[in-house]
Structure formats: structure tokens, C-alpha cells
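What you see is a predicted model, and the numbers here were worked out from it, not measured in a lab. One-based numbering along the sequence shown.
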Amino acid sequence: MNMNTISKIALAIAVAVMSVIILSNHKNYSSKIVSNLSENAIESIKCKVGPDAGNAEIAREYLNNKSFYDAQ
């Protein structure tokens, strides 16, 4: 193997590791947001985005309309 091939493999591994870390942090962040919401806010959000909405969708909707849901 030459250095160019080794560099490409190392870069691919680094990108894969960083992707896993970023996705893991995003999942944890969404879970923390949802765990701090009231049941009323979660139900309101699920009515708007759908009953099968996951934490990422609920967190996104909440952050986009935070003042509305905090007033409930």
C-alpha cells in the first residue's frame, strides 16, 4: 500500500468515527429536551407533527415554537 491509499483509509475511518459521535450527541440532546417538556407540550407537539413522532421531531418542533409551548 502506498501513502495515498493509507491516507484515504485513515480519512474514511476518521469521518466514520466523527459521524457516530455527532449522531450520538444529537440523540442525547433531543432526549434531554423532550424529558424537560411537560406532558401537555408533548401531546400538543404530537398532535401537530404526528402521533409517531420521535424525540428529534418533537425537539425540533419545540425549539422552532418554544414561546408557544412554554406558554401552555
Side-chain angles (χ1 to χ4, degrees):
M1 272 195 226
N2 62 27
M3 288 303 287
N4 196 22
T5 305
I6 293 171
S7 296
K8 287 179 182 179
I9 292 171
L11 179 62
I13 291 171
V15 168
V17 168
M18 291 301 294
S19 297
V20 168
I21 291 170
I22 290 169
L23 289 174
S24 175
N25 286 339
H26 175 67
K27 185 176 179 180
N28 290 339
Y29 181 68
S30 297
S31 296
K32 286 180 184 178
I33 291 172
V34 174
S35 69
N36 290 324
L37 293 177
S38 68
E39 286 297 318
N40 288 339
I42 293 172
E43 289 303 316
S44 295
I45 293 169
K46 283 186 175 185
C47 286
K48 183 173 183 180
V49 297
D52 297 331
N55 285 346
E57 293 89 0
I58 293 171
R60 186 177 312 116
E61 174 61 25
Y62 171 74
L63 292 174
N64 287 338
N65 299 297
K66 187 175 181 179
S67 61
F68 174 77
Y69 294 111
D70 285 346
Q72 290 185 341

According to side chain to side chain contact (heavy atoms under 4.5 Å, CB included), who are the partners of [X], at least two apart in sequence or on a separate chain?
X     : answer
Asn65 : Lys48, Glu61, Phe68, Tyr69
Val17 : Ile13, Ile21
Ser31 : Asn55

Leu11: hydrophobic cluster co-members (side-chain, 4.5 Å):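 Reading the cluster by chain and number, Leu11 sits alongside Val15.
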Apart from Ile22 itself, what residues make up its hydrophobic cluster, given side-chain heavy atom links below 4.5 Å?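 For Ile22, no cluster forms, as it stays isolated from other hydrophobic side chains.
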Side chain to side chain donor-acceptor pair (under 3.5 Å): which pairs involve residues 4-17, sequence neighbours left out?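 Sorted result for residues 4-17: Asn2-Thr5.
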Minimum heavy-atom distance between [X] and [Y], given as atom pair plus value:
X     : Y     : value
Lys46 : Ala53 : CE-O, 4.4 Å
Ser30 : Ala56 : OG-CA, 3.7 Å
Ile42 : Val34 : CD1-O, 3.8 Å

CD on Glu43 to CG on Leu37, rounded to 0.5 Å: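 That separation rounds to 11.5 Å.
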Which residue pairs pass the salt bridge (charged side-chain N to carboxylate O under 4.0 Å, His left out) test when at least one of the two sits in residues 10-39, sequence neighbours left out?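 Listed once each, the pairs would be none.
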Set of side-chain hydrogen bond (donor to acceptor under 3.5 Å, both in side chains) partners for Asn28, sequence neighbours left out: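 For Asn28 there are no side-chain hydrogen bond (donor to acceptor under 3.5 Å, both in side chains) partners, ignoring immediate neighbours.
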Residues two or more places apart in sequence or in another chain: which of them pass side-chain hydrogen bond (donor to acceptor under 3.5 Å, both in side chains) with Ser44?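 Once residues adjacent in sequence are excluded, the partners of Ser44 under the side-chain hydrogen bond (donor to acceptor under 3.5 Å, both in side chains) criterion are Gln72.
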